[in-house]
Amino acid sequence: MNLQFIVDGLLTGSMIGLGAIGVTLTYSILRFSNFAHGDFMAWGTYATLAVVSAIGAIFGKVAPIGPLSFGWPLIVAVIVAMGFTGLLALALDKVLFAKLRAKGQSIIVVMASFGASMALRSLLEFLFTSRPTYFSRAIQIAMPVGFGIRITPDQIALLIVTALLVFGVHMLMTRTQTGRSMQALSQNPALARVVGIDVSKVVRVTWLIGGGLACVAGVMIGILVQIRPLMGFDMLLPMFAAAILGGIGSVPGAVLGGLIIGLAEAAAVQLVGAEWRAAISFIILMAVLFIRPIGLFGVRER
């Protein structure tokens with residue numbers, strides 16, 4: 001049996017998991033499902049592409065790093081775009097979500113996020129057209145690693161980046177005062193306010209982390225697949241499924257949920273057919289809701 005689907009599943013799961021971290025933090029701390037999160041991925045990717053193009057216009061063609069398909073301009077561009085995407089999420093919250101949250105009706109905030117999602121996606125199509133584009137058209141030779149598995153240098157690099165980012169977010173959440181404040185606000189908002197936690201600061205950090213990670217997930221899709229305005233919207237259901245599977249509020253759970261869904265999708269493509277890929281996330285989501293609604297690492301609210 002060809003085990004190539006394992007690598008494909010891990011890569012897809014990494015993209016889903018990074019996006020799901022923002023989804024799970026937003027839901028657990030701000031108490032609403034943000035349907036615009038997928039579009040943060042697309043905006044972050046196009047912002048990265050714009051910065052790469054600007055660097056190329058200034059410095060000319062830059063050689064890639066070793067066997068990778070990209071050079072230092074992409075690394076610089078991702079860092080800039082992570083900040084941009086975090087600020088975009090923060091601005092959207094300040095202009096729209098915060099005002100609606102104050103009214104205390106979460107369904108209105110959810111519908112507003114759905115509208116914001118369509119607006120952001122339409123604006124991207126207006127600015128960049130719906131035609132797919134790429135960071136690089138260079139073809140990489142996949143290296144055999146045994147058991148019928150082949151992997152490219154780009155794929156190895158992106159898996160390492162994912163692991164480092166997840167570790168960094170986990171350390172932030174468990175070892176810093178800001179992270180502990182985020183967990184406290186997630187578990188008991190009223191008590192967190194009573195003990196003097198700066199709620200505004202926690203909300204800002206939540207949007208910045210979610211936006212930044214969404215940007216990286218989008219860039220991963222751009223490097224491995226292609227860049228298009230709908231790229232984030234297509235990842236929305238898998239991201240929500242991963243967040244629910246892992247347990248709302250759990251960063252490791254969101255990543256593990258993403259990996260499970262990514263592997264399940266890749267296995268379905270190989271065993272059943274590509275037409276079932278999109279259905280896998282929905283099937284897993286329904287199964288979790290019926291069997292264990294709080295997810296793998298979720299905690300029952302008291």
Side-chain angles (χ1 to χ4, degrees), residues 11 14-15 18-19 21-22 36-95 116-117 119-140 152-162 164-166 168-169 204-235 239:
L11 287 161
S14 297
M15 302 170 199
L18 284 179
I21 291 175
H37 195 78
D39 298 285
F40 293 157
M41 295 171 69
W43 272 83
T45 310
Y46 275 98
T48 303
L49 183 64
V51 176
V52 167
S53 301
I55 292 175
I58 296 170
F59 294 97
K61 188 174 175 60
V62 178
I65 300 170
L68 301 176
S69 68
F70 54 86
W72 64 264
L74 182 67
I75 297 171
V76 172
V78 169
I79 294 169
V80 173
M82 284 175 73
F84 166 79
T85 312
L87 291 174
L88 173 66
L90 206 54
L92 192 61
D93 181 63
K94 190 171 184 61
V95 170
S117 168
L120 288 170
R121 196 158 57 252
S122 299
L123 185 55
L124 263 187
E125 289 194 68
F126 174 75
L127 294 172
F128 296 98
T129 76
S130 57
R131 203 166 42 246
T133 185
Y134 304 86
F135 284 116
S136 170
R137 294 182 183 272
I139 298 175
Q140 285 199 314
T152 66
D154 277 4
Q155 292 172 335
I156 295 171
L158 294 176
L159 286 173
I160 292 171
V161 168
T162 300
L164 291 174
L165 284 172
V166 171
V169 173
R204 285 195 299 272
V205 172
T206 301
W207 284 116
L208 289 172
I209 291 174
L213 293 179
C215 171
V216 176
V219 170
M220 287 177 66
I221 299 171
I223 292 172
L224 298 178
V225 189
Q226 63 183 14
I227 306 168
R228 57 196 183 93
L230 278 168
M231 60 191 291
F233 181 74
D234 292 342
M235 297 289 283
M239 286 192 299

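Note that these values count all heavy atoms, side chains included, but never hydrogens, waters or copies made by symmetry. Remember, predicted model here, so these are calculated numbers, not experimental data.
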Is the side chain of His37 donor-acceptor paired with the backbone N or O of Ala214 at a distance under 3.5 Å, no angle test?
no

Nearest-0.5 Å distance that lies between atom CG in Leu230 and atom CD in Glu125:
5.5 Å

Work out which heavy atom in Thr85 is nearest to a heavy atom in Cys215; give both atom names and the distance.
OG1-CB, 3.5 Å

Provide the closest heavy-atom pair for Ala47 versus Ala81 in the form atom of the first, atom of the second, distance.
CB-CB, 3.9 Å

Taking every heavy atom of Pro229 against every heavy atom of Ala42, the minimum-distance pair comes out as O-CB, 3.8 Å

Exactly one candidate in Thr133, Thr129, Asp234 meets side-chain hydrogen bond (donor to acceptor under 3.5 Å, both in side chains) with Arg228; the answer is Asp234

As an exercise, state the distance from CZ of Phe135 to CD of Gln226, rounded to the nearest 0.5 Å.
12.0 Å

Hey, could you give me the CZ/CG distance between Phe233 and Leu124, rounded to the nearest 0.5 Å?
14.0 Å

Thr48 side chain near Ile227 side chain, heavy-atom distance below 4.5 Å
no

Roughly how far apart are Leu87 CG and Arg204 CZ, rounded to 0.5 Å?
12.0 Å

Quick one: pull up CG in Leu123 and OH in Tyr46 and give me the separation to the nearest 0.5 Å.
12.0 Å

Roughly how far, to the nearest 0.5 Å, is CE of Met239 from CE of Met15?
12.5 Å

Check: Ile223 and Leu74 side chains under 4.5 Å, non-hydrogen atoms
yes

Correct closest heavy-atom pair for Leu68 and Pro153 would be CD2-O, 3.5 Å

Close side-chain approach of Leu92 and Leu88, heavy atoms under 4.5 Å
no

Between Leu120 and Trp43 the two heavy atoms that sit nearest each other are O-NE1, 3.1 Å

Does the side chain of Phe70 come within less than 4.5 Å of Asp154's, by heavy atoms?
yes

Any donor-acceptor pair under 3.5 Å from Ser14 side chain to Leu159 backbone:
no

Output yes when a side-chain donor or acceptor of Gln140 lies under 3.5 Å from a complementary backbone atom of Pro67, and no otherwise.
yes

Determine yes or no for a side-chain-to-main-chain donor-acceptor pair under 3.5 angstrom, with Trp207 supplying the side chain and Asp93 the backbone.
no

Min side-chain heavy-atom separation Leu18-Thr162 under 4.5 Å:
yes

